Each structure stands twice: as C-alpha cells, then as structure tokens.
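Taking it in order: structure first as structure tokens, then the write-up.
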Amino acid sequence: MTTDPKWDAALDEDVPRLARLLRETGAEEIEVGDAERTIRVRRSSALGVIAAETAAVDDAASADESLVVVTSEQVGVFVALSEPGAPALVGVGDAVDEGQTIGYVDVLGVAHDICVPEDGVIERLLVRDGEVVEYGQALAELRRGADAD
C-alpha cells in the first residue's frame, strides 16, 4: 500500500489542530473529510484529567532540571510494544540513547515514533499501551544521562 503525501500531511497537521479546536470550543467531536477519507477527532471523557496530569508533570520536571518530559506530537493511541505479545520497548529504569524509540502513537493506522530527545534513564512512564493520548500530553519522564549515574 502506498501512502498519499497529502493525507500524511493532513494527519500531521490537521489532527493536532482539530484536537486544539476541541479543547478551545468544548465540542465533543469534530469530523472533516472529502469523498474518499474522513478524519474524526473525539473528545475523551478523561481530557480534564489528562490536562491536569500533564500540567503536574511539567511543573515537577521544571522543578527538577535533571528531568526531561517526553511528550506526544500527535493525537492517537499510544503503543508501547514493538509487536503484539512482545514486551514493552522500554521500562522504568532502562537506559536510553538520544533518538531511541520508546513507543508509537497510532494515528488512523499510521505509527508515529516517540523518541527520547537525549541520553538518560526512564524515570516514569505516564501512559500505558493502548491509551488514547492528546497532542502535547506527557508520555514519560527521562532523567538526563549525566544525572542518572
């Protein structure tokens, strides 16, 4: 199956924009599309909880400068496994290298890598496999490499 660059751009740009629109307007669902495809973004009943948890994680990380918060750049379903039945890609206490994939966000069947921005050790995993995540939501905390020793 070949991918359509226009569709990929719509997923990368429109889904986060629609998610922001949902938050700003309080709407429950937004659907856009054409004759061939549709993008539907639906509000999760836990959005308020997610926003509060993300803010708390961001506050904690800014208080402890050795922590880096890894966030989602997509709205979709978090996938922690490389394949069904396999162990999670990373766990708490695992050392990771800059650019290493720690999970994926599935957006309408397209997997988007979640990579760590620098070397370090996974301090906390904030979402589980199969959980719906929002744009900008904190997914993990990483203790910077120099401070992890």
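Computed from a predicted model, the values in this text were never measured in an experiment. Along the sequence shown, the residues carry numbers beginning at 1.
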Are L81 and Y104 grouped together when hydrophobic residues (ILVMFWY) are joined by side-chain heavy atoms under 4.5 angstrom apart?
no
query: Does the pair V96 and D119 meet the rule for a side chain to side chain contact (heavy atoms under 4.5 Å, CB included), with working shown?
result: CA-CA 6 Å; V96 291; D119 296 349; over 6 Å; no
Given the options V79, V77, L89, D129 meets side chain to side chain contact (heavy atoms under 4.5 Å, CB included) only with V79
Discussion item. Side chain to side chain contact (heavy atoms under 4.5 Å, CB included), that's the test. Do L67 and E123 meet it? Break it down for me.
Written reply: CA-CA 8 Å; L67 289 179; E123 183 81 9; 3.9 Å; yes
What one should report as the nearest heavy-atom pair of V107 and H112 is CG2-CD2, 3.6 Å
Do V68 and P117 come within less than 4.5 Å of each other through their side chains, counting heavy atoms only?
yes
Scanning both residues in full, the closest heavy-atom pair of V127 with A138 reads CG1-O, 4.2 Å
Is there a donor-acceptor pair under 3.5 Å between the side chain of D97 and the backbone N or O of Q100? no
_Within the 3.5 Å criterion, strictly below it, is a donor on S66 or R143 matched to an acceptor on the partner's side chain?_
yes
Apply side chain to side chain contact (heavy atoms under 4.5 Å, CB included) to the pair E141 and V70, showing each step before the final yes or no. CA-CA 6 Å; E141 287 180 347; V70 181; over 6 Å; no
Minimal heavy-atom distance between E134 and S72, with the atoms involved, is O-CB, 3.5 Å
Rounded to the nearest 0.5 Å, the CD1 atom of I102 sits from the CG atom of L125 at a distance of 7.0 Å
Separation between CG (L142) and CD (E118), nearest 0.5 Å, reads 6.0 Å
Output for pair (Y135 OH, E73 CD), nearest 0.5 Å, gives 6.5 Å
Side-chain heavy atoms of I114 within contact of V105, under 4.5 Å: yes
- Task: Using atom types as modelled and distance alone, determine if a side-chain donor or acceptor of D113 lies under 3.5 Å from a backbone N or O of T101.
- Result: no
